[in-house]
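Remarks on the structure that follows.
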Amino acid sequence: MVRVREFVSQHSHFFTATCTDGSHPLVWTQYHFHYKELFERQLADVLQGFDVLEDDFANFCDWLKVNAEIFEDDTEGLYPFLSSITASLDYETFLGVMFEEVRRSNGGVQQIDVVVPDGMTAGEVLLVEYLGAHYELIIPEGCEAGMVFQTSVTLPN
């Protein structure tokens, strides 16, 4: 967990981009790849400590899942277990971790820069995504495509 906290703390500032078209910066997927590697290395170390091969562990998890589905019974808590060990694989979960760190370190209100997209003009409503939340912003007078304006947004809790 210490390595994960260090990673999140060191890289969270890269996740403050304002996204106006629903996409995310490509570098975010690269950081997600490194985040997954942290978990994979940790799992490999734990399995090695118990002298268990990764393939054997994967087969065992598959067997548990199949049996839980066949018997429609999750009394052993398989699904929460699988969810926790595979959480690092999910990009949206990863983004949630990174966005939460930015919110934690920046407080409740954040000043953001917004680039006016092509085809939009002053007075129009622009939908932007910031830290996983969506905001409807009105493009200020005097702003045209390609220009940057600043605005304050209230971060969700």
Side-chain angles (χ1 to χ4, degrees), residues 1-47 54-55 57-58 61-62 64-66 68-69 74 77-157:
M1 290 307 296
V2 171
R3 283 184 258 175
V4 171
R5 278 191 227 114
E6 286 174 355
F7 177 90
V8 170
S9 178
Q10 291 170 358
H11 296 91
S12 63
H13 67 280
F14 291 106
F15 290 81
T16 59
T18 304
C19 306
T20 58
D21 64 357
S23 68
H24 298 141
L26 186 57
V27 71
W28 290 8
T29 58
Q30 294 168 340
Y31 286 126
H32 180 231
F33 176 79
H34 294 298
Y35 184 78
K36 289 188 297 186
E37 283 184 329
L38 278 175
F39 282 86
E40 289 169 5
R41 281 195 304 271
Q42 183 64 31
L43 178 60
D45 290 347
V46 168
L47 294 176
E54 289 183 45
D55 286 343
F57 179 72
C61 288
D62 286 340
L64 285 174
K65 185 176 180 202
V66 166
E69 289 170 355
D74 189 24
L78 169 70
Y79 291 111
F81 168 73
L82 288 177
S83 177
S84 67
I85 66 169
T86 60
S88 67
L89 301 175
D90 182 64
Y91 180 69
E92 293 299 322
T93 301
F94 165 72
L95 288 181
V97 169
M98 300 309 286
F99 293 160
E100 181 58 34
E101 175 64 16
V102 174
R103 284 190 291 271
R104 187 195 63 73
S105 60
N106 289 340
V109 176
Q110 181 72 39
Q111 187 82 8
I112 63 172
D113 292 333
V114 181
V115 177
V116 178
D118 288 337
M120 297 197 77
T121 60
E124 291 186 283
V125 175
L126 172 62
L127 181 65
V128 298
E129 180 184 348
Y130 182 74
L131 298 181
H134 293 89
Y135 301 92
E136 290 183 357
L137 307 175
I138 297 176
I139 300 172
E141 288 300 319
C143 287
E144 38 189 72
M147 295 180 74
V148 176
F149 68 92
Q150 287 192 331
T151 190
S152 294
V153 295
T154 302
L155 303 177
N157 294 329

**Request:** Report yes if the side chains of His13 and Val102 come closer than 4.5 Å at any heavy-atom pair, otherwise no.
**Result:** no
**Request:** Step by step, work out the side chain to side chain contact (heavy atoms under 4.5 Å, CB included) result for Arg103 and Leu131.
**Result:** CA-CA 8 Å; Arg103 284 190 291 271; Leu131 298 181; 3.8 Å; yes
**Message:** Does Ile138, at its CD1 atom, have more than 12 non-hydrogen atoms belonging to other residues, nucleotides or ligands within less than 6.0 Å?
**Reply:** no
**Item:** Gap between atom NE2 of His34 and atom OH of Tyr31 - 0.5 Å precision
**Value:** 7.5 Å
**Asked** Any side-chain heavy-atom pair from Phe94 and Phe33 closer than 4.5 angstrom?
**Response** no
**Message:** Working to the nearest 0.5 angstrom, can you tell me the gap between Leu95 CG and Glu100 CD?
**Reply:** 13.0 Å
**Prompt:** Is it the case that more than 12 heavy atoms not belonging to Asp45 sit under 6.0 Å from its CG atom?
**Reply:** yes
Which side-chain N or O atoms in residues 110-125 pair as donor and acceptor under 3.5 Å with protein atoms at least two apart or in another chain?
from	atom 1	to	atom 2	distance (Å)
Gln110	OE1	Asn106	ND2	3.1
Gln111	OE1	Ser152	OG	2.7
Gln111	NE2	Gln150	OE1	3.4
Asp113	OD1	Gln150	NE2	2.8
Thr121	OG1	Glu124	OE1	3.3
Glu124	OE1	Thr121	N	2.6

**Request:** May I have all residue pairs that pass ring pair (Phe, Tyr, Trp, His ring centres under 6.0 Å) and include part of residues 98-123, sequence neighbours excluded?
**Result:** Trp28-Phe99
**Request:** Indicate yes or no: at least one non-hydrogen side-chain atom of Leu127 is less than 4.5 angstrom from one of Tyr135.
**Result:** no
**Message:** Any non-hydrogen side-chain atom of His24 less than 4.5 Å from a side-chain atom of Tyr91?
**Reply:** yes
**Asked** When you measure from the side chain of His32 to the backbone N and O of Ser88, does any donor-acceptor pair fall under 3.5 Å?
**Response** yes
**Message:** Between Tyr35 and His11, is there a side-chain donor-acceptor contact under 3.5 Å, judged purely by atom types and distance?
**Reply:** no
**Prompt:** Is a side-chain N or O of Ser105 found less than 3.5 angstrom from the main chain of Glu101, in a donor-acceptor match?
**Reply:** yes
**Complete:** Output for pair (Phe7 CZ, Phe39 CZ), nearest 0.5 Å, gives 10.0 Å
**Separation between CG of Leu137 and CG of Leu126, rounded to the nearest 0.5 Å** = 6.0 Å
**Asked** In Å and rounded to the nearest 0.5 Å, what is the CE to OG1 distance from Met98 to Thr16?
**Response** 10.5 Å
**Message:** Restricting to side chain to side chain contact (heavy atoms under 4.5 Å, CB included), what partner residues turn up for Glu6, sequence neighbours left out?
**Reply:** Val2, Gln10
**Prompt:** How many angstroms lie between atom CD of Gln42 and atom CG of Leu38, to the nearest 0.5 angstrom?
**Reply:** 9.0 Å
